[in-house]
Amino acid sequence: MLVGAFACAHTPQLLARPGTEDRDLVLRVHAAFARVKQRLETLRADALAIVAGDHVEAFFLDAVPALAVYVGTECAGTFGRYRYRFPIHEPLARTIVEQGVERGFDLFYTQQAPLDYAFYVPLHFTMPAPAVPIVPLHVNVYLPPQPTPHRCYEWGRALGEIIRARPERVVLMASGGMSHFPGTDRYGSPEFEYDRRLLEALKAGRGRELAAITGEELDKMGNIELRTWATLLGALGDAKADVYCYEPSWHHGNAVVEWVP
Amino acid sequence: MNGQPHYRFPPASAYRLNRCLFALKSDDGFRARFLKDARAAMGELGLDAEDAAALVRGDRDALLARGAHPYLVFMADLRLRMEREPVSFEFF
C-alpha cells in the first residue's frame, strides 16, 4: 500500500555547505527535512521507494537507461567524506521491475550500481532510525533524449498501482528540483516564478498538469529534474500538495513537499 | 544559449572528453593522478590535444563547444577546486 509521498530537493550544498551558501536558508530546508523525517516515523513505512535522476554517476554514456530499478540486496555511494550504504527492499524492487515490464515499461535493472547523491542527500536528512529499506528508481534527467514528462507520469501511474497492491507500507519520494541550471550560463538566474506558479498548481491538486509539460519547456525552465516529480504525481493523481518550504538560493529553487495519497 | 537547449545530446565525437570529465567527477584515483600530472592522466584516456588544452585551461565555453556535457564540466571543476583550494565547508 502507498502510505505517503514527498518531494525533496537534493542539492549537495545542503549537505556540505560552502561559504557561498546562505546558512539560514540551508537550515530552513533542513527544518523541512526534519518534518519529513518525523512524518516517515509516524507513517511506519516498511519501504521507501525513491525516484531520482542519476547525475551521471551510475550511468555514464556506456549505457543510458531511461528508467531503471535497483534490485540488489543493498546499494552504496560516496561523495567526498560521505559514505552511504542502504539495504534494498528486494521483494518490492523485484515486483516493481517484473510488474512494470508486464505493464509495458521496458525497464532497465541493476543489482550493482553506485548510488548517486540525488538519492542520498534527502535520505541523509530524512531517514528514520532504524533505517527503512529503500528501492531506488532512476529516471534519466541529464542525458538527452530523456523520457517525456508524460511518459514519466504514465510510469508513475503504473508504479502507484503496483505499490498499492503490495502488503508493505510504502512511502514514495521524488528527489530533485526545482529550477537550476548547473554548468550553463543560467546558473545564477533560475526561474523562480515558474517554480512558484507550478507549486500553486500542485497545491490545488492539479498535478496532472506536469504530464502535459514538454521536455523542451523543462529544459528552458531549469527543471529537467521534475521528471521525478511527474513520476510521483502519476502515482498520486489529484492529491493536493502541502508545501513545507520553497527556498530560492542564488542558484537553486529548494522545495520540500508532502502529498497524502 | 541562442535558443539551443541547455542540455543537449552529447555527440559521440566528445565521448573521450566526457569520459575524462566523468572520471574527474567520480574517480578519486583519477582525480589525484590528474592533479599530479594532468597530461599523463588525460593520455590514459586518449584525449586529443585540443580537448586537453581546453581542459587544462578550464575553458568552459571551449569544452561545451567541443561537446562536453555542462553538468560534467560543472561537477568536474567543482571537485578539482575542492582538492586544489580546500574551501571551508560546513558538513551536516
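Note on naming: letters A, B, ... go to the chains in the order of the sequence lines (proteins, then strands), and numbering restarts at 1 for each one.
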Before you tell me yes or no, could you show the steps for A:R23 and B:E90 under side-chain contact (heavy atoms from CB on, under 4.5 Å), namely the whole-Å CA-CA distance, both residues' side-chain angles and the distance that decides it to 0.1 Å?
CA-CA 9 Å; A:R23 186 168 199 270; B:E90 182 178 9; 2.5 Å; yes
Charged tip of A:R81 within 45° of B:F89 ring normal and under 6.0 Å
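Not satisfied by the 6.0 Å and 45° rule.
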Any cation-pi pair here, A:R17 with B:F92, using under 6.0 Å and within 45°?
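That pair does not qualify as a cation-pi contact.
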A:P144 and B:P10: which non-hydrogen atoms are nearest, and at how many Å?
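Minimum heavy-atom contact is O-CD, 4.0 Å.
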Minimum heavy-atom separation for A:T184 to B:P70, with atom names?
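Shortest heavy-atom separation between A:T184 and B:P70 comes out as CG2-CB, 4.1 Å.
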[X], [atom1]: over 12 other non-hydrogen atoms inside 6.0 angstrom:
X      : atom1 : result
B:E44  : CD    : yes
A:Y109 : OH    : no
B:E50  : CD    : no
A:H150 : NE2   : no
A:R28  : CZ    : yes

[X] side, atom [atom1]; [Y] side, atom [atom2] - distance, nearest 0.5 Å:
X      : Y      : atom1 : atom2 : answer
A:L143 : B:Y71  : CG    : OH    : 11.0 Å
A:H55  : B:S26  : NE2   : OG    : 11.5 Å
B:F9   : A:Q146 : CZ    : CD    : 11.5 Å

Flag, side chain of [X] to backbone of [Y], donor-acceptor distance under 3.5 Å:
X      : Y      : value
A:D219 : B:Y7   : yes
B:K25  : A:V56  : yes
B:H69  : A:Y142 : yes
B:R19  : A:L61  : no

Working for side-chain contact (heavy atoms from CB on, under 4.5 Å), residues B:H6 and A:I224
CA-CA 10 Å; B:H6 296 98; A:I224 56 177; over 6 Å; no
Select one option (side chain, backbone, both, neither) describing which atoms of B:M75 are under 4.5 Å from chain A's heavy atoms.
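The answer is the side chain of B:M75.
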Non-hydrogen atoms of chain A under 4.5 Å away: do they reach the side chain of B:L78, the backbone, both or neither?
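It is neither, since no heavy atom gets under 4.5 Å.
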Relative to chain B, which of A:L15, A:T78, A:L14 shows the most heavy atom pairs under 4.5 Å?
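Most heavy-atom pairs within the cutoff with chain B belong to A:L15.
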Side chain, backbone, both or neither: which part of A:L218 has a non-hydrogen atom closer than 4.5 Å to chain B?
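For A:L218, no heavy atom lies under 4.5 Å from chain B.
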So that I know where these two stand, are A:F60 and B:Y15 an aromatic pair - ring centroids less than 6.0 Å apart?
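Yes, the ring centres sit under 6.0 Å apart.
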